[in-house]
Asker: 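Sharing a structure here in C-alpha cells format.
Note: hydrogens, waters and symmetry copies are ignored here, and every other heavy atom, side chains too, is used. The first residue of the sequence shown is numbered 1, and numbering continues consecutively from there.
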Amino acid sequence: MMNSSKTSRLPEPAPDELAHSERLLQHLRETIASHGPIPFSQYMERCLYAPGLGYYSAGKTKFGEAGDFITAPELGELFARCVVQAVQPVLAMLGSDADVLELGGGSGAFAEAALRALAEKNMLPHRYLMLEPSADLRDRQRARLAASLPAEIMQRVTWIERPPEENWRGILFANEVIDALPTTRFVIRHGEVYEEHVALDGEARLLRVDRPADALVAGSVRHVERDLGRNFEDGYRSEILPQLPYWMQAIAGSLQAGLMLFIDYGYVRREFYLPERQDGTLMAHYRHRAHNDPLYLPGLNDLTASVDFTALAEAGNSAGFGVAGYLPQAHFLIAAGLQQVFEHVYEQAANDAARYQLAQQVKKLTLPDQMGERFQVMLFARGLAALPLPADVLAADQSGRL
C-alpha cells in the first residue's frame, strides 16, 4: 500500500466526498468480512461501478477541467470529426440501415460532435446507440444532447444498457473503454502464478494480498509467456484481462457487418510486459493527479490500466473480426484528415480565443508527449466486401508490430 506521504500531495477531499468514500469502504469491508479476500478485479469493479457508490455510478463530475481527467472528446470537436471522416465511407457502403454504437459515452461530448459532423455530411446513421451502464452518466448525456442537438437528430439517439441481441450492421466506437475494464493483477512467486486480492488487516483497513491463481488466470499468464518466448521472473507483477475474449464476444457478437474502432492508451504485448515494468501499469486518477495507490479513497478515484493491444487483437480475432489497422492516435488523426478538419472548423471559429483553443486541441491530440503517441487506435472489420478506409489510414498501419 502506498504510504501517506505520497497521497498527502493530492488535493483534500471535501467532507461529502469523504463520507461517500466511507460508504463504499463499508460495503467493501462487509463483502470481505463475509466472503474473504476479493480478487483485485472485483475490488476495481466495485470501486468504479457499484450502484450509487462507484466512481462512474455516482453523481460526481468525472470529465473535463472540473473532473479527474480529460479525454480526447472533451478537448473539442476535432477528434470526433476526424473519426467521422475515417468511418463515413464504411457507413456509406453499408447504406441507410447502418447504426453507430458508442460504448461508454462519457459526458456525451463525442456523440454531440460526431452527430453534428454526420448531419453536415448527410450521413446520419439509422440509429445512434449509446451503451452506458451508469444511470447517472446516461442522464447527463441525455441532457447534454437534448440541449445541443436539433430534435430530428436527437430522435435517432437511443440509450441501451446491454449490447444489441439482434444482428446489426454499422460502426462500433469505444474511446478509453478497455482501460477501465476491471483488471486482474498477477504476480509470479517461485515460478507459480498468484493473483492479487484485497483483504482487511486487524484494524479493518484494506490491504493487498496474493493468493494462488485459478486456472483461467494462470492459463492466461502462461499464454502471454509462450507468446513472448520468455517466463516472467519471480516478483514480476502486472495486469491481464482473462475475460477480454468473452467481453468482446458479448459486445460485438451481433455486429454482422461493419467496423469497430478502439482508441486507448497502451502498448503491443512485448512493450506492455517489459522486464523492467515490474509493477504493471495500474494508475489511480484523482482531480488530474495520477498516483499509484488504488486503495486510497475508494470510489473517488478513476482506476485504469494500460491496454495490451496484442490481447485486444486476439479477442477481436476470436470474436470473428480481422484487424483492419493499428496505429498511434496522431498518425490516425492526421491520416483521417485532421488538417482539413482543422481548417474547416478554424474558418468558422467565432474569435481569436476560439482559434487559439483549436490550435491547442491539435497539440494535445497529436504531440508525442501528450496523447499522440501514448494513445493507439485499433480497427477491426467483419462482413465487408471491401475495406473503404482512407488510403492514408491504411498506409499508416503498424499491425505488423502486434
Side-chain angles (χ1 to χ4, degrees), residues 1-7 25 28-29 31-48 178-247 265-284 290-298 301 303-312 314-315:
M1 186 167 169
M2 188 193 216
N3 65 43
S4 58
S5 66
K6 290 186 186 169
T7 48
L25 197 49
L28 290 163
R29 284 184 184 125
T31 302
I32 294 167
S34 56
H35 299 287
I38 57 174
F40 181 84
S41 55
Q42 190 183 333
Y43 168 80
M44 180 169 167
E45 194 271 332
R46 299 283 170 92
C47 285
L48 295 181
I178 308 292
D179 69 77
L181 292 180
T183 190
T184 294
R185 295 261 293 167
F186 72 88
V187 65
I188 305 299
R189 291 187 183 282
H190 313 298
E192 297 298 320
V193 183
Y194 280 68
E195 182 178 354
E196 192 173 295
H197 285 63
V198 177
L200 297 174
D201 69 10
E203 295 173 11
R205 289 178 304 213
L206 300 177
L207 81 159
R208 295 191 264 176
V209 297
D210 301 323
R211 308 181 88 178
D214 64 20
L216 179 63
V217 171
S220 300
V221 173
R222 297 306 186 204
H223 165 74
V224 167
E225 288 181 321
R226 283 194 299 276
D227 194 39
L228 291 171
R230 67 178 171 84
N231 289 340
F232 294 123
E233 59 194 49
D234 265 24
Y236 190 88
R237 189 180 296 268
S238 192
E239 298 87 29
I240 198 161
L241 288 172
Q243 78 275 28
L244 193 57
Y246 311 102
W247 180 86
Y265 45 89
Y267 313 92
V268 296
R269 176 167 287 155
R270 65 180 179 278
E271 292 171 9
F272 189 102
Y273 294 110
L274 284 171
E276 58 268 29
R277 192 171 274 130
Q278 287 280 327
D279 194 33
T281 67
L282 183 73
M283 291 301 290
H291 65 93
N292 60 0
D293 182 6
L295 305 186
Y296 176 70
L297 295 178
N301 292 266
L303 302 179
T304 72
S306 295
V307 176
D308 169 2
F309 275 95
T310 306
L312 187 62
E314 289 171 348

Asker: Within the 4.5 Å heavy-atom criterion, are Arg237 and Arg189 side-chain neighbours or not?
Answerer: yes
Asker: Where do Thr31 and Arg46 land on the side chain to side chain donor-acceptor pair (under 3.5 Å) test, with the steps shown first?
Answerer: CA-CA 11 Å; Thr31 302; Arg46 299 283 170 92; 3.2 Å; yes
Asker: Can Leu28 and Val198 be said to form a side chain to side chain contact (heavy atoms under 4.5 Å, CB included), step by step?
Answerer: CA-CA 9 Å; Leu28 290 163; Val198 177; over 6 Å; no
Asker: On a heavy-atom basis, which atom in Gly266 and which in Ser306 lie closest, and how many Å separate them?
Answerer: CA-CB, 4.0 Å
Asker: Could you grab the distance from atom CD of Glu45 to atom CD1 of Ile38, nearest 0.5 Å is fine?
Answerer: 9.5 Å
Asker: Between Asn301 (side chain only) and Tyr296 (backbone N and O only), is there a donor and an acceptor less than 3.5 Å apart?
Answerer: yes
Asker: Could you report the tightest heavy-atom contact between Ala213 and Ala218, atom names first, then the distance?
Answerer: CB-N, 4.1 Å
Asker: Quick one: does Arg270's side chain get under 4.5 Å of Phe272's, heavy atoms only?
Answerer: no
Asker: Can you tell me how far OG of Ser34 sits from CZ of Arg29, rounded to the nearest 0.5 angstrom?
Answerer: 14.0 Å
Asker: Answer yes when Arg222 and Glu225 have at least one side-chain N-carboxylate O distance shorter than 4.0 Å, and no when they do not.
Answerer: yes
Asker: Would you check if Ile240 and Thr183 make a side-chain contact, meaning some heavy-atom pair closer than 4.5 Å?
Answerer: no
Asker: To the nearest 0.5 Å, what is the distance between CG on Leu274 and OG1 on Thr281?
Answerer: 11.5 Å
Asker: Under 4.5 Å between any side-chain heavy atoms of Thr304 and Tyr265, yes or no?
Answerer: yes
Asker: Is there side-chain contact between Glu314 and Arg269, with at least one heavy-atom pair below 4.5 Å?
Answerer: yes
Asker: Is there a side-chain contact between His291 and Met283, using heavy atoms and a 4.5 Å cut-off?
Answerer: no
Asker: Working to the nearest 0.5 Å, report the span between CG of Asp308 and CD of Glu239.
Answerer: 10.5 Å
Asker: Indicate yes or no for a side-chain donor-acceptor contact from His190 to the backbone of Glu192 under 3.5 Å, with no hydrogens or angles considered.
Answerer: no
Asker: Please report the shortest heavy-atom distance between Cys47 and Pro298, naming the atom on each side.
Answerer: SG-CB, 3.7 Å
Asker: Kindly compute the distance separating CG (Leu303) from CG (Leu48), expressed to the nearest 0.5 Å.
Answerer: 5.0 Å
Asker: Is the shortest heavy-atom distance from the side chain of Arg208 to the side chain of Pro294 under 4.5 Å?
Answerer: yes
Asker: If you define the side chain from C-beta out and look only at heavy atoms, does anything of Thr184 sit under 4.5 Å from Glu195?
Answerer: yes
Asker: What are the two closest heavy atoms between Ala284 and Asp293, and how far apart are they?
Answerer: CB-O, 4.3 Å
Asker: What do you reckon, are the aromatic ring centroids of His197 and Phe40 less than 6.0 Å apart?
Answerer: no
Asker: Begin from the C-alpha positions of Ile32 and Leu206 and carry the test side chain to side chain contact (heavy atoms under 4.5 Å, CB included) through to its verdict.
Answerer: CA-CA 10 Å; Ile32 294 167; Leu206 300 177; 4.0 Å; yes
Asker: To the closest 0.5 Å, what do you measure between CG (Leu241) and CD1 (Ile178)?
Answerer: 7.5 Å
Asker: Could you tell me whether a side-chain N or O of Gln243 sits under 3.5 Å from a main-chain N or O of Pro182, the two making a donor and an acceptor?
Answerer: yes
Asker: I need the minimum non-hydrogen distance between Val209 and Ala199, along with the two atoms involved.
Answerer: CG2-CB, 3.9 Å
Asker: Specify whether Tyr273 and Tyr236 have parallel, tilted or perpendicular ring planes, treating 30° as the upper limit for parallel and 60° as the lower limit for perpendicular.
Answerer: tilted
Asker: Looking at Arg185 and Asp279, would you say the former's side chain and the latter's main chain have a donor-acceptor pair under 3.5 Å?
Answerer: yes
Asker: Determine, stepwise, if the pair Phe232 / Val224 fulfils side chain to side chain contact (heavy atoms under 4.5 Å, CB included).
Answerer: CA-CA 9 Å; Phe232 294 123; Val224 167; 3.8 Å; yes
